[in-house]
Asker: 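I'd like to ask you about the structure that follows.
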Amino acid sequence: MNSTQQPSNTTPNQMRQHSKSFSVSATQKLSQQQKKIERSYEEIIAEKQLSNVEQQRLTSVFNYLLTFNNEKIKLPEPGITAETLMNALEKVDYILPIKEAELFIWEIDEDGDKVIHFYEFQMMYKRCIFDPTLLEPRNLFNIVQFFMYDKAKHGKITVEDTLELLFVRHGRGGLDEEIQAIFGREEKNSDGTEKTLSFTEYYEKTRIRDFQRRKEAEQARKEVKLPLLDDKK
């Protein structure tokens, strides 16, 4: 033993405690880093920002739909029920069966109280517009989208009604494609008047388009070829 080296006063027990403390500290740091990386899909969507136009229109539609709530039923927190949807759509001459209305609410209802509160309402909208898979339920979204276009609440929409929202979401490059998907190739009627769509016409168009896009996306997923496994040992 080197005569200049001083004997350690650290006991084996202290060394074990120090090692354990270091291990816990390192594990906590790794856990925190992992949490930053593995955020939930909901957290990612919640952080996404809507344009001012979309946020204002979305909030306005939520408040508009609340006016169709049954006044005899007092909710702990303002929200939209199946009855709310049925009443609102009756206003635009569309009869939504109770079973469908309940399904549309169930698809979005995160806490199972059969009421869509504003957080759920906004998350529904964000999930649909930021969804690259086309798998998110879009029934309520399509209804809400119509009312966002129809600011004047006339029960019908024109190309002009849709321009602002479509532009902020799709940009100039995607604007014409979206307009054509909604109104067809011709934006005016044969007599030169501006083409309008009722809720029923709009709703059926969007449901057909959603079905076609999901079908195409599913086919594309099936055609993805997995890399061949290397069987060399």
Side-chain angles (χ1 to χ4, degrees), residues 50-51 53-54 56-68 80-108 116 121 124-129 131 134-218:
L50 300 177
S51 67
V53 172
E54 287 179 292
Q56 290 170 4
R57 299 249 190 128
L58 188 66
T59 302
S60 176
V61 169
F62 182 78
N63 291 330
Y64 173 70
L65 292 176
L66 291 182
T67 65
F68 292 94
I80 297 164
T81 65
E83 186 179 6
T84 307
L85 287 183
M86 294 170 65
N87 292 340
L89 293 180
E90 188 175 354
K91 181 77 172 179
V92 291
D93 300 321
Y94 187 88
I95 304 302
L96 183 67
I98 180 64
K99 291 298 182 183
E100 285 191 35
E102 289 174 344
L103 172 63
F104 296 174
I105 295 296
W106 176 82
E107 289 175 331
I108 311 301
I116 302 302
F121 188 78
M124 170 276 298
Y125 183 82
K126 286 185 175 182
R127 286 192 187 103
C128 287
I129 65 172
D131 172 32
L134 302 176
L135 296 177
E136 288 290 342
R138 297 177 66 89
N139 291 306
L140 182 58
F141 172 81
N142 289 331
I143 294 171
V144 169
Q145 189 71 100
F146 178 86
F147 286 118
M148 288 175 72
Y149 292 142
D150 184 20
K151 289 196 301 180
K153 302 300 179 285
H154 288 154
K156 57 186 179 180
I157 58 173
T158 64
V159 171
E160 186 176 354
D161 292 329
T162 66
L163 287 178
E164 188 175 23
L165 269 178
L166 292 178
F167 180 79
V168 298
R169 188 182 306 154
H170 302 283
R172 183 64 187 88
L175 186 61
D176 292 339
E177 179 183 350
E178 292 300 316
I179 291 175
Q180 184 172 321
I182 297 173
F183 294 93
R185 293 186 177 182
E186 301 298 328
E187 297 179 10
K188 293 189 177 182
N189 297 313
S190 57
D191 60 0
T193 57
E194 191 173 27
K195 184 180 289 187
T196 63
L197 286 183
S198 67
F199 172 79
T200 301
E201 292 170 325
Y202 170 81
Y203 191 53
E204 290 306 314
K205 276 177 173 283
T206 54
R207 295 184 79 172
I208 292 172
R209 187 188 187 198
D210 286 345
F211 176 78
Q212 292 174 336
R213 292 172 71 191
R214 283 198 185 104
K215 189 175 179 181
E216 291 169 2
E218 182 61 29

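All values reported here derive from a predicted model rather than from experimental measurement.
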Asker: Any donor and acceptor pair, going by atom type alone, linking the side chain of Glu201 with main-chain N or O of Ser198 inside 3.5 Å?
Answerer: yes
Asker: Can a donor-acceptor pair be found, under 3.5 Å and without considering hydrogens, that links the side chain of Asn87 to the backbone of Phe68?
Answerer: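 The answer is yes, because a donor-acceptor pair under 3.5 Å joins these two groups.
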Asker: Quick one: pull up NZ in Lys91 and CG in Leu89 and give me the separation to the nearest 0.5 Å.
Answerer: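 Lys91 NZ to Leu89 CG: 12.5 Å, rounded to 0.5 Å.
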Asker: Does the pair Ile157 and Thr196 meet the rule for a side-chain contact (heavy atoms from CB on, under 4.5 Å), with working shown?
Answerer: CA-CA 5 Å; Ile157 58 173; Thr196 63; over 6 Å; no
Asker: Hey, is the main chain of Thr193 close enough, under 3.5 Å, to the side chain of Asp191 for a donor-acceptor pair?
Answerer: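 Yes, the answer is positive, given that a donor and an acceptor are paired below the 3.5 Å cut-off.
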Asker: Just by distance, do the side chain of Thr84 and the backbone of Thr81 share a donor-acceptor pair under 3.5 Å?
Answerer: yes
Asker: Could you check whether any side-chain heavy atom of Gln145 comes within less than 4.5 Å of a side-chain heavy atom of Tyr149, counting everything from C-beta outward?
Answerer: yes
Asker: Could you tell me if the side chain of Asp93 sits less than 4.5 Å from the side chain of Thr200, heavy atoms only?
Answerer: no
Asker: Locate the shortest heavy-atom distance separating Leu85 from Ala101; write the atom from each residue and the value.
Answerer: CD1-O, 4.3 Å
Asker: Here's one to test your reading of the geometry: is the NZ or CZ of Lys153 within 45 degrees of the ring axis of Phe147 and under 6.0 Å from its centre?
Answerer: no
Asker: CE of Met148 to CD of Gln56: how many Å apart, nearest 0.5 Å?
Answerer: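 Rounded to the nearest 0.5 Å, the CE-CD separation comes out at 10.5 Å.
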Asker: Among Phe199, Tyr203, Tyr202, find the one that has a side chain to side chain contact (heavy atoms under 4.5 Å, CB included) with Val92.
Answerer: Phe199
Asker: Are side-chain heavy atoms of Phe121 and Leu58 found at a separation under 4.5 Å?
Answerer: yes
Asker: side-chain contact (heavy atoms from CB on, under 4.5 Å) for Tyr125 and Leu140? Distances and angles first, verdict last.
Answerer: CA-CA 9 Å; Tyr125 183 82; Leu140 182 58; over 6 Å; no
Asker: Under the side-chain contact (heavy atoms from CB on, under 4.5 Å) rule, what do Leu166 and Ile179 come out as? Steps first, then yes or no, please.
Answerer: CA-CA 8 Å; Leu166 292 178; Ile179 291 175; 3.9 Å; yes
Asker: Looking at side-chain heavy atoms only, is the closest gap between Lys151 and Asp161 below 4.5 Å?
Answerer: no
Asker: If you look at every heavy atom in Lys188 and Glu194, which pair is closest and at what distance?
Answerer: CG-CA, 4.4 Å
Asker: Under 4.5 Å between any side-chain heavy atoms of Asn139 and Arg207, yes or no?
Answerer: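 They are in side-chain contact.
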Asker: If you compare all heavy atoms of Glu136 against all heavy atoms of Cys128, which two are closest, and at what distance to 0.1 Å?
Answerer: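 In this case the closest contact between Glu136 and Cys128 is CB-SG, 4.3 Å.
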Asker: Look up atom CD in Glu90 and atom CG in Leu96, then write down how far apart they are to the nearest 0.5 Å.
Answerer: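 Going from CD on Glu90 over to CG on Leu96, the span is 11.0 Å.
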Asker: Do Leu134 and Asp210 make a side-chain contact, defined as non-hydrogen atoms from C-beta onward lying under 4.5 Å apart?
Answerer: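 Not in contact.
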Asker: Regarding Glu164 and Arg57, does a basic nitrogen lie under 4.0 Å from an acidic carboxylate oxygen?
Answerer: yes
Asker: CD of Glu218: more than 12 outside heavy atoms within 6.0 angstrom?
Answerer: yes
Asker: How far apart are the closest heavy atoms of Leu65 and Ala88, and which atoms are they?
Answerer: CD2-CB, 3.6 Å
Asker: Evaluate whether atom CD of Glu204 has more than 12 neighbouring non-hydrogen atoms of other residues, nucleotides or ligands under 6.0 angstrom away.
Answerer: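 More than 12 within 6.0 Å, yes.
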Asker: Going by distance alone, is a donor N or O of one side chain under 3.5 Å from an acceptor N or O of the other, for Ser60 and Asn63?
Answerer: no
Asker: Please confirm whether the backbone N or O of Phe183 pairs with a side-chain atom of Lys195, one donor and one acceptor, at under 3.5 Å?
Answerer: yes
Asker: Quick one, Ile129 with Leu50, criterion side-chain contact (heavy atoms from CB on, under 4.5 Å). Give me CA distance, side-chain angles, the key distance, then yes/no.
Answerer: CA-CA 10 Å; Ile129 65 172; Leu50 300 177; 3.5 Å; yes
Asker: So, the side chain of Asn142 versus the backbone of Arg138: is there a donor-acceptor pair under 3.5 Å, distance only?
Answerer: yes
Asker: Please check this pair: side chain of Asp150 against backbone of Phe146, looking for a donor-acceptor N/O pair closer than 3.5 Å.
Answerer: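 Judged by distance alone, no pair lies under 3.5 Å.
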